[in-house]
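This report refers to the structure that appears directly beneath it.
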Amino acid sequence: MTTEGERVNSLMSLLKRRGMIFPAFSIHGGVAGLFDYGPVGGRLLRKVQQEWREHWLSKGNIVEIDSPTITPDSVLAASGHISAFNDHASECNACNAIFRSDHLVEEFHQNPDSLSGPDLDAILTTNNVACPSCKESDWLASRPMNLMFGTRIGATRGGRQAYMRPETAQGMFLTYPMIQRHFRNRLPFGAIQVGKGYRNEISPRQGMIRQREFNMAELEYFIDPETDASHDFTKWDGIEFNLIPDPAGGQQNETKMGISAALNENIIRHPTVAFFMAETFDFLINIGANPEKIRFRQHESDEMAHYATDCWDLEMLGSYGWIECVGIAHRGCYDLGAHEEATNSKELRAWREFAEPIEIDKEVAAAVGAVIGPAFRQQAGLVTQALSELNDLPSAFPFDLNLSDGTTVSIEENMVEIKRVQETIRGEWFLPHVVEPAFGLDRIIWHILDHGYEMTEKEGEEYLILHLTESVAPYEVVVLPLFEKDGMDEVANQIQRDLLKLNGIGVYYDGSKSIGRRYARADEIGVPWAITVDHTTIEDGTVTIRRRDDQLQIRISQDDLAQHLQNGTLGSLY
RNA sequence: GCGAGCGUAGUGUAGCGGUUAUCACCGAGCGUUGCCAACGCUUGAACCCGGAUUCAAAUUCCGGCGCUCGCACCA
């Protein structure tokens, strides 16, 4: 019986020993929260990223973009990250406990998030706020703790403040105009980005679960909130999802439920959110996650960002317990709206054509600038505005006009020109809503390694196997000469060269040490197929194929091997 | 950030004032072997970093860095 802790250590040793994933910069002492993907892990990461890309790009209305990681501060100020990631911490002088300062002063201030350090300290002192831990009221000066890595753009003095992006999402929001143009302005559409994100964590823990630089993959899906968002869920008929709904919705506990049932009962509040939950589930199953170890947990109302209307975490069960690996959030129009407000850009909106165009045919009193100007001087602008907002035209002159500054002026006949305005309003500009599935790839990779990790025994010896699916296995196949003599090594080398010509197939050669040992090494990095070249190969060209998961071997010709490998149908031969 | 424990070959470890730093797996080479970590021979590889105490430090002390756990923070 191994404990979870032993299992984690055993897996981490394996990952390091076999060049998968290991702490970075270790010969310089190491840096917490930074990891290398090695010669084997690099392939794993790339394949997971590629599976993820294909999963979404194959929907047809989703494109991939790639944005800079260095981001000027104004972008992150608009998105809310600078205030959200610039919290202050206060330390209790009596017991050394640390708390977020804004949380401590919550009941004494409306918007503590906006306060400066000295303001926070003043509130702590004047209100004698007690330490939640030891009840004393003896606070050290608060310190800012910025979770973003800062940098400056420009090599000389001065320059512009910038940060390493804490998420990739801003790239999709800021390139929205180009994405919209690409799709000929037709919602819904989405954009994905795979790349690094950075958070200067106070104390990274739990191996590669919380890192300072990490691989993210995010999708922003833009929809018209007034268009019917229903999806076809028949694909998931019969699949039960593990759901933990927000207790505020009435449902208390974890339940198993079909995706459309959850939607019909309004547990999932939006069809597009439900759709992406189900698609995300499919993606994880495709790369080998265990469906029993996946659940969705709905954010409680007070946990949710204020602009979000529904938010679900996908959690995966592994040696660290249930860990959030994907967040699927309905973000409303918050992000596009925030950038619009910060920049006054008119490009972040979508056009919605009305079913029936609105015909306008009315008479208006247009201001005659040449008269209004000299007559009202500073107030001329207000007068012009008030005239344009006039709904009922005056029946006679002069008439009184109320201005927005509270004063009333008298309008003479020569000050206005009665005009007939005819126009057709065919639609309106609006801020699209966004559904955002955000994936932490390193966490997902950890969990598929964890789910696939088998510690077993073979003839009394510990035997380790990584059961990775072919879609993400770092190498699809290894070629092994039974012995490196009698021409078997030349044939094996030739087979490796031939198989490497196949698209997307990773092949390595191993001729070192006994055949059993080489099978064992391949099992440890999750190679699903081992090709062995033996004496029969020299005679008739056939090779044996060993399946990792049950170690069964069959013999086929080299041509068939190439065919089946390329088509991914080797399993059908068994 | 605080507190506790820990840091020895690629991995897992023994040693806890004086050893040529233990053992196993591991890796490389050669030989043998007709398919699942075989065997034999040869060989490779470590005391986290810096300072102090001492005739002598992997071992004791101090500082740093890192790891694990708890608290806090974070998702």
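Proteins get letters first, then strands, A, B, ... in listed order; numbering begins at 1 in each.
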Which nucleotide in the list B/C35, B/A75, B/A28 gets nearest to the side chain of A/D313?
B/A75
In residues 547-561 of chain A, which residues come under 4.0 Å of RNA chain B by heavy atom?
A/Q551, A/Q553
Tell me, with the steps shown, if A/T542 and A/D540 meet side chain to side chain donor-acceptor pair (under 3.5 Å).
CA-CA 6 Å; A/T542 60; A/D540 67 5; 2.8 Å; yes
With both distances under 3.5 angstrom, what nucleotide forms a Watson-Crick or G-U wobble pair with B/C39?
B/G31
Which base, if any, makes a Watson-Crick or G-U wobble pair with B/A52, both distances under 3.5 Å?
B/U60
Tell me which nucleotide among B/G34, B/G29, B/C36 gets nearest to the side chain of A/F483.
B/G34
Touch check for A/T544, heavy atoms < 4.0 angstrom, all strands: base, sugar-phosphate only, or nothing?
base
My understanding is that a pair needs two contacts under 3.5 Å, Watson-Crick or G-U wobble. By that rule, which nucleotide pairs with B/C74?
none
If you define the side chain from C-beta out and look only at heavy atoms, does anything of A/I82 sit under 4.5 Å from A/M148?
yes
Within this structure, what is the NZ-to-P distance between A/K16 and B/G7, rounded to whole angstrom?
15 Å
Answer yes or no: is there an ion pair linking A/K458 with A/D523, defined by an N-O contact shorter than 4.0 Å?
no
With a 4.5 Å cut-off on side-chain heavy atoms, are A/L466 and A/M20 touching?
yes
Decide side chain to side chain donor-acceptor pair (under 3.5 Å) for A/R165 and A/T71; before the verdict, give the C-alpha distance in whole Å, the side-chain angles of both, and the deciding distance to 0.1 Å.
CA-CA 6 Å; A/R165 66 181 177 196; A/T71 309; over 6 Å; no
d(A/I294 CD1, A/E315 CD) to nearest 0.5 Å is 11.5 Å
Using Watson-Crick or G-U wobble geometry with both distances under 3.5 Å, which nucleotide pairs with B/A24?
B/U11
Verify side chain to side chain donor-acceptor pair (under 3.5 Å) between A/R46 and A/Q49, making sure each step is shown before the conclusion.
CA-CA 5 Å; A/R46 205 201 66 216; A/Q49 289 173 329; over 6 Å; no
Does the side chain of A/R521 get closer than 4.0 angstrom to OP1 or OP2 of B/G27 through an N or O atom?
yes
Pairing partner of B/U19 (Watson-Crick or G-U wobble, both distances under 3.5 Å)
none
Should A/R517 be listed as having a side-chain N or O under 4.0 Å from OP1 or OP2 of B/C26?
yes
Of the nucleotides B/G34, B/C69, B/A75, which has the atom closest to the A/R205 side chain?
B/C69
